[in-house]
Enquirer: 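Quick one: structure below, then a few questions.
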Amino acid sequence: MQPIAEDVPPSDQELRALIQAIEAQGGRATLVENSRRTALTVIGSDGIRRVARVLAPTAGDWFASKDDGNRSLDDTHATSGIFVDPSEQPQAHYICSAFDISRSVRNEIDEWMIANPGLTRQLHPIPRSIVVSGRDRWDYIGCGTGGVAKTNIAVPRIALTSPLPKTPAKHATNSNSVGQNSLSLRASTRKVVVRTLATKNSIRIYMDVEGYRVVALYDQVGGGVKVTRAAGFQVLEGRTFADPGGAATAAKSVIAGDDVECNGWIDWIVDDGSGISLAQSVGKGR
């Protein structure tokens, strides 16, 4: 295969077909502007706003740049990636976690550089193996209600907005893993408990990590924390941890793609508009 020098953005026709498909699944989508990447702002059928990168194939394959392996360089702060395949009729769509995409790009680049020492290339093929399982995974962008798509629509546009403020976090000095594996690193020292949290005794809490919001319930009786929403990071959703520290460490490690240390009592904020920490709410100065 000849090296690809430039990534080709999706055509208006491909974007229209994608937006029609999103609308058929109960969502709404507008094109993000002021970014060198092609992305859509999607309001899912659940009413939550998400951003999804859109990638079109070049010469039959999808490609990513080295920068795509570093999520901190993504000015759209996308939580998902949508791979369009216009070679199929109707156009096929593969939706994957943005974290999984960046991790796969990093792995592919590392393997290629080991096999080709001293050489460089601008774009790297995205392994189809990480894409095919995402076919029609509309749940990654909060859609999936079904419906009828509109036809002959124009591609709406929206200016890029600022992400949620980042939450400072102290990174461990020795880290040898990223992503979902982080759940078994710092968080592994805290037993993951599977149980039902008592709603009447729970406090709704949240934490903003690198522009992404994680929502959870703190059980005042048992002390556990259940993650209820982590847009774009489904590996976290539904997980129950023995204490706030374990939940915070797991969430920050997965989203940051690194092993992160933190104080869950301070980092979790009570979701009642007061802005106070969980520690202040329950009287624990930890």
Side-chain angles (χ1 to χ4, degrees), residues 27 39 41-53 71-72 74 76-82 95-103 133-134 137-144 163-169 171 177-188 190 192-197 199 202-219 224-271 277-278:
T41 298
V42 179
I43 306 297
S45 54
D46 57 3
I48 297 174
R49 174 187 175 276
R50 300 174 177 86
V51 177
R53 286 276 310 280
R71 291 183 53 255
S72 66
D74 180 7
T76 69
H77 299 276
T79 57
S80 301
I82 303 177
I95 303 98
C96 304
S97 162
F99 173 80
D100 290 338
I101 295 170
S102 64
R103 181 179 59 180
S133 62
R137 286 297 307 271
W138 301 109
D139 55 302
Y140 274 95
I141 54 174
C143 298
L164 293 168
K166 293 186 177 182
T167 301
H171 287 256
S177 63
V178 298
Q180 298 183 18
N181 291 336
S182 296
L183 280 170
S184 60
L185 293 174
R186 296 288 178 183
S188 65
R190 307 174 187 273
V192 178
V193 183
V194 179
R195 62 171 179 268
T196 302
L197 297 182
T199 304
S202 297
I203 299 175
R204 182 181 169 93
I205 54 178
Y206 72 89
M207 179 171 54
D208 292 331
V209 185
E210 297 193 2
Y212 303 103
R213 176 156 294 189
V214 181
V215 180
L217 291 173
Y218 169 68
D219 182 4
V225 171
K226 180 177 182 179
V227 177
T228 59
R229 179 162 60 85
F233 298 92
Q234 281 79 2
V235 67
L236 292 169
E237 293 182 351
R239 298 293 297 270
T240 303
F241 299 87
D243 54 51
T249 296
K252 286 193 174 184
S253 296
V254 167
I255 294 174
D258 199 355
D259 191 14
V260 178
E261 295 178 336
C262 58
N263 185 332
W265 292 103
I266 301 300
D267 293 337
W268 287 110
I269 304 300
V270 177
D271 194 8
S277 67
L278 180 58

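Just the heavy atoms: all of them, side chains too, but no hydrogens, waters or symmetry mates, feed the values below.
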Enquirer: Looking only at non-hydrogen atoms, find the nearest pair between Ile266 and Ile269 and report the distance.
Expert: O-CD1, 4.0 Å
Enquirer: Any idea which heavy atoms bring Ser277 and Trp265 closest together, and the distance?
Expert: CB-O, 3.7 Å
Enquirer: Show the nearest heavy-atom pair for residues Ala98 and Ala78, with the distance to one decimal.
Expert: CB-O, 3.4 Å
Enquirer: If you define the side chain from C-beta out and look only at heavy atoms, does anything of Arg229 sit under 4.5 Å from Glu237?
Expert: yes
Enquirer: What distance do Lys226 atom NZ and Asp219 atom CG have between them, rounded to the nearest 0.5 Å?
Expert: 11.0 Å
Enquirer: Once you round to the nearest 0.5 Å, how far does CD1 of Ile82 lie from CD1 of Ile141?
Expert: 4.0 Å
Enquirer: I want to check something: taking the side chain as every heavy atom from C-beta on, are Tyr206 and Thr228 in contact at a cut-off of under 4.5 Å?
Expert: no
Enquirer: Decide yes or no for Ile205 and Val225: does some side-chain heavy atom of the first lie under 4.5 Å from some side-chain heavy atom of the second?
Expert: yes
Enquirer: Output all residues satisfying side chain to side chain contact (heavy atoms under 4.5 Å, CB included) with Thr79, sequence neighbours left out; order by chain, then residue number.
Expert: Arg50, Tyr212
Enquirer: Using a 4.5 Å cut-off on heavy atoms from C-beta on, say whether the side chain of Asp267 contacts that of Met207.
Expert: yes
Enquirer: Indicate the atoms forming the closest heavy-atom contact of Val209 with Ile255, along with that distance.
Expert: O-CG2, 3.7 Å
Enquirer: Could you pull out the closest heavy-atom pair between Gly27 and Cys143, with the gap in Å?
Expert: CA-SG, 3.8 Å
Enquirer: Who pairs with Trp138 by ring-ring contact (aromatic ring centres under 6.0 Å, His included), at least two apart in sequence or on another chain?
Expert: His93
Enquirer: Sequence neighbours left out, what passes salt bridge (charged side-chain N to carboxylate O under 4.0 Å, His left out) with Arg204? Give chain and number order.
Expert: Asp271
Enquirer: Identify the two heavy atoms, one from Tyr140 and one from Ser80, that lie closest to each other, and give their separation to 0.1 Å.
Expert: O-OG, 3.3 Å
